[in-house]
There are 2 protein chains.
Amino acid sequence: MSSYKDKKVITIGIVNEITGLSCRMIRYYESRGLIFPERTERGTRKYSFSDIELLMEIANKREEGIQTYEIKKELQNENKDREVRDHMIRGQLNAQFNLKKL
Amino acid sequence: MSSYKDKKVITIGIVNEITGLSCRMIRYYESRGLIFPERTERGTRKYSFSDIELLMEIANKREEGIQTYEIKKELQNENKDREVRDHMIRGQLNAQFNLKKL
DNA sequence: CGTGTAAGGAATTCTGACACG
DNA sequence: CGTGTAAGGAATTCTGACACG
């Protein structure tokens, strides 16, 4: 779908510039399972624009005092919601398709 | 228009990984006026996905033996073509708009 | 002209740890 | 728990130059 948005090509220094989050924080959120950067051959972390957006969301929730563990659960629920929605849309499309076949 | 595609956030090492062009070549094409990366505060070059696509085009033309100066002219013509096309489209839209006013 | 490379320095990134709270 | 920081090493990037053709 989104070819540029999800490509992991941005180093941590640039992510720090864009989000304002310290490298320490960015790496910590990774260790807590909130984000999943890729690595270059020699181990340098690479992030996508999606990761950056996610980090901004995380930063907002942290400002509200929400702990990383809670944030992780919220993110998982968001994904579940998306799956449910997609599943329903697919179900409706199939229903329409089946009606046409009648 | 394209928010991610044109954002300059990719370091030269990643561009090298993606395009296969050596850092030397990438910097040389810049010195010849074919690409225009931005810089971080301390001088590290930053490229966009558009720059990467442009570099692939340049690489193709170089393989055909076309010199950088010629490539530069071709790129400028492409931009001119685009401008002309955009101008014409705008002209047609205006013409239709004016017709409706009659 | 276009590209490789060695050179020297500066800035980046990485990990594991101590600190505070 | 979440974040800062100093530590030491490894990898990156930068520039200007010499080389070949």
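Residue numbers begin at 1 in each chain, while the letters A, B, ... track the order of the sequences.
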Separation of [N] [atom2] from [X] [atom1] (nearest whole Å):
X: A/Glu63; N: D/dG2; atom1: CD; atom2: P; result: 15 Å
X: A/Gln67; N: D/dT3; atom1: CD; atom2: C1'; result: 14 Å
X: B/Asn16; N: C/dT3; atom1: CG; atom2: C1'; result: 14 Å
X: B/Glu30; N: C/dG2; atom1: CD; atom2: C1'; result: 16 Å
X: A/Ile58; N: D/dT3; atom1: CD1; atom2: P; result: 11 Å
X: B/Ile66; N: C/dG2; atom1: CD1; atom2: P; result: 12 Å

Can you tell me how far apart [atom1] ([X]) and [atom2] ([Y]) are? Round to the nearest 0.5 Å.
X: B/Glu38; Y: B/Asp51; atom1: CD; atom2: CG; result: 8.5 Å
X: B/Lys46; Y: A/Thr11; atom1: NZ; atom2: OG1; result: 9.5 Å
X: A/Lys7; Y: A/Ser48; atom1: NZ; atom2: OG; result: 11.5 Å
X: B/Ile66; Y: B/Asn60; atom1: CD1; atom2: CG; result: 9.5 Å

Exercise. Dot-bracket notation for DNA chain D is requested: 5' to 3', Watson-Crick or G-U wobble pairs only, both distances under 3.5 Å, with ( ), [ ], | and . as defined.
Key: .||||.||.|.|.||.||||.
So does [X] pair up with [Y], basic N to acidic O under 4.0 Å?
X: A/Arg45; Y: A/Glu30; answer: yes
X: A/Arg62; Y: A/Glu74; answer: no
X: A/Glu53; Y: A/Lys5; answer: yes

Quiz item: If the sugar-phosphate is the primed atoms plus P, OP1 and OP2 and the base is the rest, what is the B/S/- string for nucleotides 9-19 of chain D, using protein heavy atoms under 4.0 Å?
Solution: --SSSSB-B--
Quiz item: Phosphate oxygens OP1/OP2 of C/dT3: is one of them under 4.0 Å from a side-chain N or O of B/Tyr29?
Solution: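 Yes.
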Quiz item: Would one find a side-chain N or O of B/Tyr28 under 4.0 angstrom from OP1 or OP2 of C/dT3?
Solution: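 For C/dT3, OP1/OP2 do not have a side-chain N/O of B/Tyr28 under 4.0 Å.
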Quiz item: Are B/Phe36 and B/Ile12 co-members of a hydrophobic cluster defined by side-chain heavy atoms under 4.5 Å apart?
Solution: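 Shared cluster, no.
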Practice problem: Please name the pair of heavy atoms, one in B/Leu21 and one in B/Ile26, separated by the smallest distance, quoted to 0.1 Å. | Solution: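 What the structure gives for the nearest pair is O-CD1, 3.7 Å.
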